[in-house]
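To start, the structure itself, in structure tokens.
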Amino acid sequence: MKHIFIEGKDSQNTLLLLHGTGGTERDLLPIAEMIDPEANILAVRGNILENGMPRFFKRLSEGVFDQADLIKQTKTLNTFLNEASVQYQFDRQNIVAVGYSNGANIAASLLFHYSKPLRAAILHHPMVPRRDIKLPDQTGLPVFIGAGKNDPLCPQRESVELAHLLLGSGAKVSLHWEMNGHQLSRTEIMAAHEWYQTHIK
Ligand code: MLT
């Protein structure tokens, strides 16, 4: 996968940056700086192009995911993480995903398909990736969900549903609410930073 890796000063944790639709691997670099300026950064570009816009998996229409492709691309990302950890010599067990929108959805999909694929996950405006499976065991895995009470793409009830599904797998879920639609606001990033200091640092 197209990506950039930046070695951090404190290389214990690696932030995996996953952009939203139409973004690139550079989009979330300023957010990583706000969350943990010392961590390694692995910033990845989605493999799919939708009308020229990079994404992490195909969709049939807005909010309706191509499930077969979601499963395929989730596997590709998980394998990429295994390989990147060997190539760049960071700890595979200490990856903290930071995803926004489509990037949050593929990060959530990792949690739906693999047991403990990440150390933790920060999901900004995620959706429920799929509804037809029992989640693998994620006991104790910290998850921050930043959601919008007025998010037109992801209604409030879907954010709550995702939190419940992850709680059911044993994850420790913190749900943070904003009123900025689907946008990623500074207050939401600062809340993720506070959460990171408490649960990860
Ligand atoms: C998705 O397709 O992953 C969601 O609808 C969010 C987005 O628009 O990227």
Side-chain angles (χ1 to χ4, degrees), residues 1-3 15-32 42-81 95-114 117-118 121-133 135 143-166 169 171 173 175-186 188-189 191-192:
M1 299 185 78
K2 187 163 165 41
H3 66 278
L15 299 182
L16 167 66
L17 308 185
L18 302 163
H19 61 80
T21 297
T24 75
E25 64 279 16
R26 308 205 74 85
D27 280 18
L28 301 188
L29 291 175
I31 289 162
L42 180 63
V44 186
R45 185 184 296 198
N47 274 339
I48 301 301
L49 276 182
E50 181 189 271
N51 301 321
M53 297 185 297
R55 286 177 53 85
F56 287 94
F57 55 88
K58 292 181 190 161
R59 61 180 165 184
L60 305 174
S61 59
E62 194 167 285
V64 182
F65 303 154
D66 178 332
Q67 291 291 333
D69 193 60
L70 173 69
I71 294 165
K72 183 175 155 206
Q73 301 300 337
T74 304
K75 183 166 185 233
T76 301
L77 178 60
N78 195 48
T79 304
F80 170 75
L81 296 178
I95 298 176
V96 179
V98 181
Y100 168 62
S101 192
N102 183 244
N105 293 341
I106 191 103
S109 182
L110 279 173
L111 300 176
F112 274 52
H113 292 104
Y114 299 96
L118 302 164
I122 297 175
L123 308 176
H124 294 293
H125 301 263
M127 299 168 77
V128 175
R130 59 185 292 193
R131 292 188 166 80
D132 51 348
I133 49 166
L135 269 64
V143 179
F144 173 95
I145 298 177
K149 286 199 167 169
N150 59 348
D151 186 333
L153 284 181
C154 182
Q156 192 172 346
R157 66 173 181 283
E158 184 160 348
S159 309
V160 172
E161 183 187 356
L162 178 62
H164 279 293
L165 288 170
L166 290 167
S169 75
V173 182
L175 188 48
H176 171 85
W177 291 107
E178 292 279 334
M179 277 297 284
N180 299 301
H182 197 60
Q183 274 177 36
L184 180 47
S185 64
R186 193 181 168 81
E188 183 173 327
I189 300 163

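We count ligands from 1, going down the list as the structure has it; atoms in each ligand are counted the same way. What's counted below: heavy atoms across the whole structure, side chains too, no hydrogens, waters or symmetry copies. Residues take their numbers from the sequence shown, with the count starting at 1.
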- Message: My understanding is that only residues two or more places apart in sequence, or in another chain, count here; which of them pass side chain to side chain contact (heavy atoms under 4.5 Å, CB included) with A171?
- Response: Q138, V143, L166, S169, V173
- If the plane angle is over 60° it's perpendicular, under 30° parallel, otherwise tilted; pick one for H19 and F56. tilted
- Message: For residues 96-108, which residue pairs pass the side-chain hydrogen bond (donor to acceptor under 3.5 Å, both in side chains) check, not counting sequence neighbours?
- Response: S101-H182
- Message: Which protein residues come within less than 4.0 angstrom of ligand 1, counting heavy atoms only?
- Response: T21, R55, F57, R59, G63, F65, S101, N102, N105, M127, L153
- Set of residues satisfying side-chain hydrogen bond (donor to acceptor under 3.5 Å, both in side chains) with respect to Q156, sequence neighbours excluded: none
- A147 and L175 have their tightest heavy-atom pair at CB-CD1, 4.3 Å
- Message: Using a 3.5 Å distance criterion without hydrogens, assess whether the side chain of R59 forms a donor-acceptor pair with backbone atoms of S61.
- Response: no
